[in-house]
2 protein chains.
Amino acid sequence: MSRSTEPHRRVGRPPVTSRAQILTAARGLIDEVGWEKLTIRRLASEIGVGATTLYHHVRDKEELLFLLIYEYAEQIPHPELPSEPRERIITAAVALHDGLAAWPWAAEVLTTDGFIARLGDSFLWLVETILAGAVSAGCPPEQSVQIFRSIWYYTAGEIVVRAHTRHRKMNEQDPTHLNAYFGNADGPLRHPHLAAIADRWATLAGQDTFAQGLRAFVDGLLVQSLTKKTSGAPNSESN
Amino acid sequence: MSRSTEPHRRVGRPPVTSRAQILTAARGLIDEVGWEKLTIRRLASEIGVGATTLYHHVRDKEELLFLLIYEYAEQIPHPELPSEPRERIITAAVALHDGLAAWPWAAEVLTTDGFIARLGDSFLWLVETILAGAVSAGCPPEQSVQIFRSIWYYTAGEIVVRAHTRHRKMNEQDPTHLNAYFGNADGPLRHPHLAAIADRWATLAGQDTFAQGLRAFVDGLLVQSLTKKTSGAPNSESN
DNA sequence: CGAAATTTCGGAACGCGTTCTGAAATTAGC
DNA sequence: GCTAATTTCAGAACGCGTTCCGAAATTTCG
């Protein structure tokens with residue numbers, strides 16, 4: 001209707017802040033004090049408005065965090081894609097992972113309902129790339145979606161688990177750590193392999209094996225999809 | 001020290017409740033009103049004690065939920081294991097997944113720090129089985145741990161994402177659903193594969209493909225591990 | 001100019017998990 | 001028996017996210 005032609009000042013009390021200002025202030029506050037200390041009340045007083053005022057510009061805190069990721073994500077440049085479909089999938093999935101893992105609070109929002117669907121063009125392009133890669137590799141569209149979902153579970157799980165893992169220095173000095181649990185009384189008897197590796201567990205768990213696991217996963221998924229094709233008859237398995 | 005020989009009544013004010021009673025009451029409350037409505041205050045008043053009293057028997061709410069899972073988990077019977085190592089891994093991982101996914105609040109605790117290490121014998125036995133399966137298949141212990149970690153990321157991710165996905169009936173009636181996001185103006189231009197499958201996305205996302213994806217993952221992980229053996233030289237990849 | 005409609009603001013309040021602190025209830029020692 | 005030591009209890013309070021609702025500030029209409 002009335003667009004730029006008519007600078008119709010809107011009826012009602014004029015807003016004292018805006019979603020843009022809130023997001024900017026939130027970014028600043030996160031840079032200052034860290035995202036754990038970002039609270040609605042603190043953010044509001046930083047802007048100089050009442051706490052409840054923010055709820056007229058943002059549905060809730062979860063949406064606030066999502067919008068922060070959303071805005072940043074749109075600025076991420078698209079990675080160059082290799083020619084081979086399988087490598088394209090991996091490149092896109094790694095970009096998706098790294099893009100999200102870059103923000104420590106991503107884990108808070110990652111698993112919310114419909115997160116993928118709410119992603120912006122930049123991240124949707126990565127989803128599209130994964131789907132396209134699977135299709136290029138010979139998978140039917142339905143299975144391509146399932147391949148993406150599997151990759152997404154793996155990706156989200158890695159980010160969330162690692163985000164919740166305290167990155168204390170892997171000094172073996174901490175007796176309350178893994179060894180204390182794994183190495184209980186009859187551990188070596190009941191769980192020999194676990195006991196054998198218990199003292200190295202913390203070190204191994206600290207390594208970043210996302211990309212390596214992803215490669216294995218994509219290989220397995222493509223092999224599985226291309227082997228049984230679109231066999232309508234279910235396997236001998238439960239699902 | 002003084003055990004059953006001496007019924008030494010302990011010094012100090014006698015406790016009015018116990019961790020066992022708290023856990024029992026928590027289970028009852030969850031059965032009655034659902035785990036979302038389980039609050040510290042409500043649980044305390046259910047028992048008939050002050051809210052803060054619970055904190056002398058349980059560190060925090062997270063530990064309370066963890067203990068609930070822990071106790072249940074110990075009662076789970078061990079699944080029968082197939083003979084083939086690969087199938088043993090899958091059987092154990094599915095049991096781990098199903099055992100955790102059985103409690104809707106598992107997602108709240110799943111990703112907390114050191115969750116796996118704090119698991120009880122019953123679940124640790126599943127971890128042990130996965131490790132043993134990988135070793136039996138020919139993987140060195142270190143890579144077996146990485147294989148388990150990859151499986152765990154996938155498993156935890158699946159549970160957490162699905163737990164946070166509202167299971168609304170997949171009626172296409174809801175215009176605020178996926179299509180509304182995926183099918184935006186120039187969606188078909190920018191994301192053709194996404195647009196092509198958008199209307200079927202919700203249905204596909206509702207399917208349980210955990211076991212299928214797991215099979216692909218395990219296959220890929222074993223192939224990867226056995227192919228490059230314990231090559232000390234890193235790949236051409238970043239990691 | 002004044003009343004009505006409209007839109008936003010923000011203080012009060014709720015329930016939450018959690019911490020602090022002093023009171024209460026018990027045993028041990030004199 | 002009285003006091004001290006010990007252990008637990010629980011009310012008060014804090015900060016949090018969030019909701020409710022009346023007040024405030026603007027435009028529109030008569």
Side-chain angles (χ1 to χ4, degrees), chain A residues 1-2 5-23 25-26 29-30 32-68 105 107-109 111-113 164, chain B residues 1-2 5-23 25-26 29-30 32-68 105 107-109 111-113 164:
Chain A
M1 313 286 182
S2 57
T5 65
E6 228 178 325
H8 248 300
R9 295 219 299 280
R10 281 169 54 256
V11 69
R13 180 174 179 170
V16 72
T17 185
S18 63
R19 169 176 284 194
Q21 186 187 6
I22 292 171
L23 292 178
L29 209 47
I30 287 175
E32 282 180 38
V33 300
W35 74 272
E36 299 95 335
K37 306 256 184 181
L38 174 70
T39 66
I40 295 289
R41 283 174 162 85
R42 186 163 188 171
L43 176 57
S45 74
E46 190 85 359
I47 302 175
V49 301
T52 61
T53 300
L54 300 191
Y55 286 88
H56 291 90
H57 301 89
V58 161
R59 178 156 40 80
D60 50 23
K61 191 180 182 183
E62 183 244 294
E63 181 175 272
L64 176 69
L65 294 175
F66 174 81
L67 289 172
L68 289 174
W105 71 90
E108 306 290 306
V109 191
T111 58
T112 55
D113 195 38
H164 288 39
Chain B
M1 310 285 183
S2 56
T5 65
E6 230 179 323
H8 248 302
R9 295 221 300 278
R10 281 169 56 254
V11 70
R13 181 174 177 170
V16 73
T17 185
S18 63
R19 170 176 284 194
Q21 185 188 5
I22 291 171
L23 292 178
L29 209 48
I30 287 176
E32 280 179 41
V33 300
W35 74 272
E36 299 97 335
K37 306 258 184 178
L38 174 70
T39 68
I40 295 290
R41 284 174 162 85
R42 186 163 188 170
L43 176 57
S45 75
E46 190 85 359
I47 301 176
V49 300
T52 61
T53 300
L54 300 191
Y55 285 87
H56 292 89
H57 301 89
V58 161
R59 179 157 40 81
D60 51 22
K61 191 180 182 183
E62 184 243 294
E63 181 175 272
L64 176 68
L65 294 176
F66 174 80
L67 288 172
L68 289 174
W105 71 90
E108 304 291 305
V109 190
T111 58
T112 55
D113 194 40
H164 288 39

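Proteins come first, then strands; the chains are lettered A, B, ... in the order of their sequence lines, and each starts at number 1. Note that these values count all heavy atoms, side chains included, but never hydrogens, waters or copies made by symmetry.
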> Specify the residue among B:K61 and B:P14 whose closest nucleotide of DNA chain C lies further upstream toward the 5′ end.
B:K61
> Below 4.0 angstrom, N of the basic side chain to O of the carboxylate: do B:E46 and B:R41 qualify?
no
> Given axes from five pairs at either end, by how many degrees does the helix from C:dC1-D:dG30 to C:dC30-D:dG1 bend, rounded to 10°?
40°
> Among D:dG17, C:dG10, C:dC16, which nucleotide sits nearest the side chain of B:T39?
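The answer is C:dC16.
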> Counting only side-chain heavy atoms from C-beta out, which of C:dT6, D:dC9, D:dG17 sits nearest to A:V11?
C:dT6
> Go through C:dG10, C:dA25, D:dA24 for me and flag the one nearest to the A:R13 side chain.
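It is D:dA24.
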> Separation of A:R59 atom CZ from D:dG17 atom P, in whole Å?
16 Å
> Hey, could you give me the CZ/CD distance between B:F66 and B:E108, rounded to the nearest 0.5 Å?
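So the gap between those two atoms works out to 15.0 Å.
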> Which of these passes side chain to side chain contact (heavy atoms under 4.5 Å, CB included) with A:L65: A:V58, A:V109, A:T112?
A:V109
> How long is the line joining CD of A:E36 and P of D:dC16, in whole Å?
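Between P of D:dC16 and CD of A:E36: 13 Å.
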> Could you go through residues 32-39 of chain B and list every donor-acceptor pair under 3.5 Å that involves a side-chain atom there, pairing it with any protein atom two or more places apart or in another chain?
{"from": "B:T39", "atom 1": "OG1", "to": "B:R42", "atom 2": "N", "distance (Å)": "3.0"}

> To the nearest Å, how far apart are A:Q21 CD and C:dC9 C1'?
14 Å
> Quickly work out the A:I40 CD1 to C:dG11 P distance and round it to whole Å.
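These atoms are roughly 16 Å apart.
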> Do you know the tightest heavy-atom contact between A:T111 and B:H164?
O-CB, 2.6 Å
> To the nearest Å, how far apart are B:E108 CD and C:dG17 P?
12 Å
> Once you round it to whole Å, what is the distance between P of C:dT8 and CD1 of A:I22?
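Result: 12 Å.
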> CG/A:L64 to CZ/A:R59 distance, rounded to the nearest 0.5 angstrom?
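Result: 11.5 Å between the selected atoms.
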> Examine D:dT8: is either OP1 or OP2 under 4.0 Å from a nitrogen or oxygen in the side chain of B:R10? Give yes or no.
yes
> In the structure I gave you, are the side-chain heavy atoms of B:L54 and B:I47 within less than 4.5 Å of one another anywhere?
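The answer is yes; the side chains approach within 4.5 Å.
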> Under 4.5 Å between any side-chain heavy atoms of A:H57 and A:E63, yes or no?
no
> Is any side-chain heavy atom of B:I40 less than 4.5 Å from a side-chain heavy atom of B:D60?
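Counting from C-beta outward, B:I40 and B:D60 never come under 4.5 Å.
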> When you match B:G12 and B:H56 each to their closest nucleotide on DNA chain D, which lands nearer the 5' end?
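Of the two residues, B:G12 wins.
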> Distance check, rounded to the nearest 0.5 Å: A:I22 atom CD1 versus A:L29 atom CG?
12.5 Å
> Contact list please: residues 44-55 of chain A against DNA chain D, heavy atoms, distance less than 4.0 Å, in numerical order.
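Of all residues in residues 44-55 of chain A, the ones placing a heavy atom under 4.0 Å from DNA chain D are A:T52, A:Y55.
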> Looking at the base of C:dG17, is there any donor atom on it, or on the side chain of B:R41, that sits under 3.5 Å from an acceptor on the other one?
yes
> Can you tell me how far C1' of C:dG17 sits from CZ of B:F66, to the nearest Å?
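Whole-Å distance recorded here is 20 Å.
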> Between atom CG in B:L43 and atom C1' in C:dC16, what is the gap in whole Å?
14 Å
